[in-house]
Amino acid sequence: MNVNIYIETAYKGPAKRRMAGAWLVEYLLQSGQPVTRGGILYADITTENELALLLLKHAFSILTKTCCVRVFTTCTHILNTMQNHWLWQWQKNNWKNARGKTVGNADLWMQCAALMEEHITEWKDEEHSYRQCMLGRVQKEMERDHALAEPENYILIEAPEWNTGKGNRRYEEK
């Protein structure tokens, strides 16, 4: 099965800040019927890298069988890591980078690596037809007051217009 995953965040860069992002998974059923699944992730305090990894984790978590996956993201950290094969090197080096330091967000990278290991992946920083829609929805969530109990928490927000087909999940604060 061929799958496209789209990841979009409200901001770019390493600064910790209030941020939202979106993930969307797109594939075709054997009948030819298109299916999309996705959601919004909001956090009071996070970085682009951490948020993009959380979005990636949620997107890959819905895949139940081996797929050929194209991931579209503008997160340069994820693109560099995957296109330069650093992830596999980090795993071999017990989650240490080339300088011998522990990889940032190692726990999230481990979770993503476990979810991705059964799939063939391709990583792209290209325009796609969902970008403006996703960024518009992310911006709306940035304008809302989500009042999280703890700043480190995040909330998954349902995007019913993005969830077609069967098996839609309910999203809750994590």
Side-chain angles (χ1 to χ4, degrees), residues 1-9 20-43 46-98 101-131 133-134 138 154-160 162-174:
M1 178 180 281
N2 294 317
V3 174
N4 290 330
I5 292 177
Y6 306 95
I7 304 293
E8 296 293 341
T9 57
W23 62 273
L24 191 127
V25 177
E26 171 189 59
Y27 58 93
L28 294 175
L29 297 175
Q30 285 183 339
S31 66
Q33 177 185 0
V35 174
T36 58
R37 303 259 316 268
I40 311 290
L41 187 62
Y42 169 88
T46 192
T47 64
E48 177 198 12
N49 294 347
E50 181 180 26
L51 182 63
L53 285 167
L54 287 166
L55 294 164
L56 197 61
K57 181 180 114 175
H58 287 287
F60 270 96
S61 71
I62 70 163
L63 303 179
T64 59
K65 55 179 132 182
T66 301
C67 303
C68 293
V69 182
R70 287 189 313 173
V71 180
F72 294 82
T73 181
T74 57
C75 179
T76 55
H77 179 60
I78 288 177
L79 287 167
N80 287 336
T81 298
M82 299 310 296
Q83 291 173 342
N84 295 316
H85 310 287
W86 296 343
L87 181 63
W88 318 122
Q89 193 62 46
W90 294 341
Q91 286 178 301
K92 283 200 267 185
N93 294 341
N94 199 25
W95 298 99
K96 303 282 184 200
N97 64 20
K101 296 187 178 195
T102 301
V103 170
N105 296 311
D107 57 334
L108 287 172
W109 276 114
M110 286 181 221
Q111 293 171 42
C112 287
L115 290 166
M116 293 185 295
E117 71 183 0
E118 299 296 318
H119 306 288
I120 299 167
T121 59
E122 181 181 5
W123 301 83
K124 301 199 167 272
D125 176 13
E126 296 177 1
E127 271 301 314
H128 57 82
S129 59
Y130 295 109
R131 180 164 285 148
C133 170
M134 292 173 76
V138 164
Y154 60 91
I155 186 169
L156 281 167
I157 301 159
E158 188 173 349
W162 297 349
N163 291 286
T164 63
K166 298 178 183 175
N168 294 345
R169 296 189 311 184
R170 184 171 169 254
Y171 300 104
E172 303 166 354
E173 186 174 329
K174 300 290 177 189

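Computed from a predicted model, the values in this text were never measured in an experiment.
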Completion exercise
Output for pair (Thr76 OG1, Gln83 CD), nearest 0.5 Å, gives 10.5 Å
Practice task
Give, for atom CD of Glu118 and atom OG1 of Thr66, the distance between the pair rounded to the nearest 0.5 Å.
Solution key: 5.0 Å
Exercise for the section: Walk me through it: do Leu87 and Met116 pass the test side-chain contact (heavy atoms from CB on, under 4.5 Å)? Expected result: CA-CA 11 Å; Leu87 181 63; Met116 293 185 295; 3.7 Å; yes
Practice task
Taking the side chain as every heavy atom from C-beta outward, state whether Lys57 and Trp23 have any pair of such atoms under 4.5 Å apart.
Solution key: no
Practice task
Rounded to the nearest 0.5 Å, what's the gap from CG on Leu29 to CE on Met1? Could you check?
Solution key: 6.5 Å
Exercise for the section: Run the numbers on Glu26 and Tyr6 for side-chain contact (heavy atoms from CB on, under 4.5 Å), then give the verdict. Expected result: CA-CA 8 Å; Glu26 171 189 59; Tyr6 306 95; 2.8 Å; yes
Exercise for the section: I would like to know whether Lys92 and Gln89 meet side-chain contact (heavy atoms from CB on, under 4.5 Å); could you show each step before the answer? Expected result: CA-CA 5 Å; Lys92 283 200 267 185; Gln89 193 62 46; 4.0 Å; yes
Problem - Heavy-atom side-chain contact between Thr121 and Phe60 under 4.5 Å - result: yes
Fill in the blank from the handout: The single option from Asn49, Leu53, Leu56 that satisfies side chain to side chain contact (heavy atoms under 4.5 Å, CB included) with Leu108 is Leu53
Problem - His128 side, atom NE2; Ile5 side, atom CD1 - distance, nearest 0.5 Å - result: 12.0 Å
Handout entry: Test item: Arg131 and Glu8 side chains (from C-beta on) under 4.5 Å apart, heavy atoms
Key = yes
Exercise for the section: Answer yes or no: is there a side-chain heavy-atom contact under 4.5 Å between His119 and Cys68? Expected result: no
Completion exercise
Thr102 and Ala106 have their tightest heavy-atom pair at CG2-CB, 4.4 Å
Handout entry: Close side-chain approach of Asn2 to Tyr27, heavy-atom, < 4.5 Å
Key = no
Exercise for the section: Mind listing the closest non-hydrogen atom pair of Val138 and Ala20 along with its distance? Expected result: CG1-O, 3.3 Å
Practice task
Quick one: closest heavy-atom pair of Ala52 and Ile78, and the distance?
Solution key: CB-CD1, 3.5 Å
Exercise for the section: Indicate, with yes or no, if the rings of His77 and Trp86 have centres closer together than 6.0 Å. Expected result: no
Exercise for the section: Please say which of Ile7, Thr46, Leu55 ends up in a side chain to side chain contact (heavy atoms under 4.5 Å, CB included) with Leu41. Expected result: Leu55
Problem - Val25 side chain reached by Thr36 side chain, heavy atoms, under 4.5 Å - result: no
Practice task
Apply the side chain to side chain contact (heavy atoms under 4.5 Å, CB included) test between Val69 and each candidate in Asn4, Ile120, Val3; give the one that qualifies.
Solution key: Val3
Completion exercise
Smallest heavy-atom separation, Lys96 atom then Trp90 atom, equals O-CD1, 3.5 Å
Exercise for the section: Could you tell me which non-hydrogen atom of Ala114 sits nearest to which non-hydrogen atom of Glu117, and how far apart they are? Expected result: O-CG, 3.4 Å
Exercise for the section: Could you go through the side-chain contact (heavy atoms from CB on, under 4.5 Å) check for Trp109 and Trp95 one step at a time? Expected result: CA-CA 9 Å; Trp109 276 114; Trp95 298 99; 3.7 Å; yes
Exercise for the section: Could you label the plane-to-plane angle of the Tyr154 and His58 rings as parallel, tilted or perpendicular, counting under 30° as parallel and over 60° as perpendicular? Expected result: perpendicular
Practice task
State, with a plain yes or no, whether a side-chain heavy atom of Thr81 is found less than 4.5 Å away from one of Trp123.
Solution key: no
Handout entry: Inter-residue atom distance Asn105.CG - Gln111.CD, 0.5 Å rounding
Key = 10.5 Å
Practice task
Evaluate the side-chain proximity of Gln33 to Leu28: yes if any heavy-atom separation is below 4.5 Å, no if none is.
Solution key: no
Exercise for the section: Could you grab the distance from atom OG1 of Thr74 to atom CD of Glu126, nearest 0.5 Å is fine? Expected result: 12.5 Å
